[in-house]
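Here's the structure we're looking at; comments come further down.
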There are 4 protein chains.
Amino acid sequence: MDTEHPSKRWFASDNNASVHPAIMEALDRANHGHAIAYGDDVITARVLGLFSETFGAQSETFLVWNGTGANVMAIAAATRPWEGVVCTDLAHIDVDETGAAEHIAGVKLFTVPGTDGKLTPDAIRDRVSGLGRVHSNLPRLVSISQPTETGLVYGIEELAALGELCRERGLHLHVDGARLANAAVSLGVGLREAAGPADVLSFGGTKNGLMFGEAVVFLNPALAQGAGHLRKNVLQLDCKMRYLAAQYEAYLADGLWRANAAHANDIARRLGEAAAGRLGLRLAYARHANIVFAELPPGAIDAALENWFFYVDRATSVARWVCSWDNTAEDVSAFADDLAAALGRA
Amino acid sequence: MDTEHPSKRWFASDNNASVHPAIMEALDRANHGHAIAYGDDVITARVLGLFSETFGAQSETFLVWNGTGANVMAIAAATRPWEGVVCTDLAHIDVDETGAAEHIAGVKLFTVPGTDGKLTPDAIRDRVSGLGRVHSNLPRLVSISQPTETGLVYGIEELAALGELCRERGLHLHVDGARLANAAVSLGVGLREAAGPADVLSFGGTKNGLMFGEAVVFLNPALAQGAGHLRKNVLQLDCKMRYLAAQYEAYLADGLWRANAAHANDIARRLGEAAAGRLGLRLAYARHANIVFAELPPGAIDAALENWFFYVDRATSVARWVCSWDNTAEDVSAFADDLAAALGRA
Amino acid sequence: MDTEHPSKRWFASDNNASVHPAIMEALDRANHGHAIAYGDDVITARVLGLFSETFGAQSETFLVWNGTGANVMAIAAATRPWEGVVCTDLAHIDVDETGAAEHIAGVKLFTVPGTDGKLTPDAIRDRVSGLGRVHSNLPRLVSISQPTETGLVYGIEELAALGELCRERGLHLHVDGARLANAAVSLGVGLREAAGPADVLSFGGTKNGLMFGEAVVFLNPALAQGAGHLRKNVLQLDCKMRYLAAQYEAYLADGLWRANAAHANDIARRLGEAAAGRLGLRLAYARHANIVFAELPPGAIDAALENWFFYVDRATSVARWVCSWDNTAEDVSAFADDLAAALGRA
Amino acid sequence: MDTEHPSKRWFASDNNASVHPAIMEALDRANHGHAIAYGDDVITARVLGLFSETFGAQSETFLVWNGTGANVMAIAAATRPWEGVVCTDLAHIDVDETGAAEHIAGVKLFTVPGTDGKLTPDAIRDRVSGLGRVHSNLPRLVSISQPTETGLVYGIEELAALGELCRERGLHLHVDGARLANAAVSLGVGLREAAGPADVLSFGGTKNGLMFGEAVVFLNPALAQGAGHLRKNVLQLDCKMRYLAAQYEAYLADGLWRANAAHANDIARRLGEAAAGRLGLRLAYARHANIVFAELPPGAIDAALENWFFYVDRATSVARWVCSWDNTAEDVSAFADDLAAALGRA
């Protein structure tokens, strides 16, 4: 498709979306005079206050550049190099971060085959059983994505059960919350609740209307020891921090996170309904948040891609469609029309 | 001082400065519709073309988050973990990056005591002499800052002499060009010339009017092998890359880098002249670019800091004043007036 | 069982065995007067000559402390931290080295589920397919164990096919040859042939009669660049090297490697025949070298362990019996008798 | 000189010396039957008991391969990658370990220029002053060598003062005791006292009559958490551990450490007296333990090296002579005679 037209939108990923106007305004507002660098400015002070309100007074938050940076910093804080992290074999930290956790935190990832991308207490228990020997890494951290890479949202009870297992086994819990806002909206809860009993959270905004920047939130402050130094050491300290902080201030202050995520989830609901209904496609996973996975007839894939850019697994013919804060109901209609044509159902 | 007033400016650092309006406009212009993530967008394609024009067709450029990220990526690309980097003991990579080079690239830094922050061929030769044994790291890279942390600019012939030494000893040359624009203006040359015979360059914009983002420019493309993977591995891949690229497009396209640096250097010239002239202060280093180092009477330091925020080494009473694209001649006058009062010369 | 009696032998592992008398004599012979440390002694010079004779004039060999050290040094030499290593999910480097490859070489291991512990060109091709993106490590090395952790030996043609696949895909081949001597004897070839088209080999002796020490043999000398420094950097440089070298001189000079391995393989043949014949046990893998895997009736395991120490996977009831240079036919008979009793077949 | 004659001895280094007969006998005694690998054998159990007797019931000891391995394991246990280690610029960990601490523990070394190789509380205080910022590593560990690389021994009160400073600043203390026995003999105290208030000790034997192997002794057991896994992760776990353990059993059980060190120190006393007396040489450092540093007339160096192998710093004409357990009074006489001839004083 023509991905070069400056006002075109599609469903390839929420990091393909534009920046929300309220964020652009916040950047403009921040852009006056000088501000002390590296986070010693008033906007950063305000936004850290908002994080405390959101995640609890005991929490400690560190703004960082990006999601991979947030995940690696969280893992490096919570582990030593001879320890291990249990995650699914679909986890972003395993398949989409070019070995950053291994190289920089030094750890091993203990992957669990995930049919639908969720970890369960039983799967964790099985994976770590027998791992106490000095010849293998010592499991220390469980890492889940909320929502998962398959678009599913862990329920409050599922989170509690994972927390219980972690306590029982002396493991910490990391939540990769690159899309935590979408999970919270899906569950109808706040951000804190959506993170469950996490000890440390990678909290994202880039996929939900920000320009750049994520946050590492230590809900268990014992893990935050030295984290200020760690952030710099892992290349995640923004010098002109006020511009990163200003975005999160706008994101958290007036519920922008919720409004954007609610919109994206609603667009995904519409797209999922069109796919399963009018288009007669099988959804590969339930639609919980802002992602729809649909199985396409192999012969229709090329035609579907002609006018739209998205990712499709040629081996399984499953397409992934991610909805963004800036997608519209009209985008869904236009896409569904073109898909119908590609499927010969126009 | 009151650093919280939103329109106040000072001389603490060029990373305290605001973002240039042309950069804000470029961000606005980029903010329409969707764009493929991770650099596969049209703005990134255009800006990489501008980098090729600027640094030569054989060069390869990778946009990254920040200066420390650029330095570590450059070092990791050019070295193996049992190798070493020669730099001064004032080098940013040694004293201001929380051991990121050691932790992430694995290397050892071989520091040379620098009286004025410059490396010389003789100093390098002395430092690496006798380092061939397997019991110490193998020197592989020389890293200089252009301008230096002391604000001095390497002349074209000094750069050539360093390049000659590197060739002779089989060493690569890295230039930390966080303020390369200021050096180029000082030398009256282009960016390519100001980098001298560098094999790899950390090219900065954040200190000269950008919001965020730096570039690793491989002038020796042999070092760029695998650099795309390395960038992600060291947490430096911006997903919504168009916003980083748009800033560099505005920075390189119409000479914004030169205009901003020329202005900052000129403000520093005024400030240096006021310091050495009217205020009668000794300058600790010659003023080449946008930084002035002045020796204050110890008894006047606290008074000087009352209305202005800047860094001063209490052991030597040397203050560092950095001038930014947004400082004005009026800022200089106001600062000089207050300094005069603090010095009892009002 | 009583594992404390000083003259008792069992079948738990070949690293439980004693040191061969010829090795003890070599250590004694080396123990006169002073010798330059770190390998600049005459015994080391002689043994490196033997390695050149054995593995070819172009090869370069570095003696190291242990098998994990050899594997990590080989991997670190052949890869960069953003690259990956393809191996089976039974590979010693994955399951028995406490994440040393990840922590020290920085790489990711791409595991392939192995039913019998062997890698095939097809399995490698499948695993690396689609791994070119910058979001995942770049496959660079294939690592196999010869013999495998399941005791199977790759045939000459299997090795050639793996080499062909590696050449085709630009991958290097590492062979973990902790028991290479046993594989060579099994194949009826020399050590060089048993390593197949390896670029780099971990060559072991500790499991075949030595006291300590392994060797990293770079058959592709391009990978040996900087290896002397790397060895020290990864903690593998023995200062009193003559005692390590003397062992390998005795091991390589008069065919001790072959005699010991032939004996151990023969003992394993006897044990395998007793297990499958008289005891009626199913062998979990074919017996190629010096290891026998036998399926025990779950109810007989505890009785079998009463007088003998060995490892058994309680989930599958498969026992692993490893035969050493110092095991005897009488050991086999005694063990078989006790097993028969445990199985109720006495 | 001819370093190839198998019964020749010299004064180049105590790691050039042979293995003490009692150690060879211990290896022979250990060489019967099978023993469980990786330290689960009876000899290792016994030797760990001896370490507890020697260093206190609360201490935890891990046998490792070599001195660099011991140092890196100690540092990795006591620090995180964003932390730093204060040491002199003569420290073995800084100048003789090919960057292993930086690469594997990830830390930065904060070196203090040492005129005589000793660290003092004042020097440490100066070095860490102002290092709290997130832009530089956080000092966590002080590392001293006992005796120093210059052959000096820290007195009991000097050690206490260092311990006091560490407590005051929240730093841990590491003692590199590759030659701790020589220091203990010099001080007339036991090994525990010679290590002073160390939190973690690298305890050597290889330079004092062993074949291989060192020990990491955690006197502060809080630092030993996970150390069993760490040992394997940093490639320091000996599989046939009984042979390493047997050496330390012989070394600790009957005072062999003391006898060997006392002998070596006495030989050094004789050599120092001959150098300063009959030969009229200036000693560059006081002779405390088993090392003598003497300033040679530059013109006599080549003649002195003709019949004897030793290291000499050509820039300062200072020669280092290390005495071993196997050097004799006759060695001293012969060496002094040849030196006298080289000096034209025969």
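Note on naming: letters A, B, ... go to the chains in the order of the sequence lines (proteins, then strands), and numbering restarts at 1 for each one.
Ranked by heavy-atom pairs under 4.5 Å with chain B, the first of Asp96(D), Leu109(D), Val134(D), Leu131(D) is Asp96(D).
Taking OG1 from Thr98(B) and NZ from Lys108(D), the interatomic distance works out to 9.0 Å, rounded to the nearest 0.5 Å. To the nearest 0.5 Å, atoms CG (Asn137(B)) and NE2 (His103(D)) are separated by 10.5 Å. Taken from OG1 in Thr68(B) to NE2 in His135(D), the straight-line distance is 9.0 Å, to the nearest 0.5 Å.
Closest approach of Val95(B) to Arg133(D), counting heavy atoms only: O-NH2, 3.3 Å. Of all non-hydrogen atoms in Glu102(D) and Val107(B), the two that sit nearest each other are CB-O, 3.7 Å.
For Ile104(D), no part lies under 4.5 angstrom from a heavy atom of chain B. Leu138(B) does not touch chain D: none of its heavy atoms, backbone or side chain, sits under 4.5 Å away.
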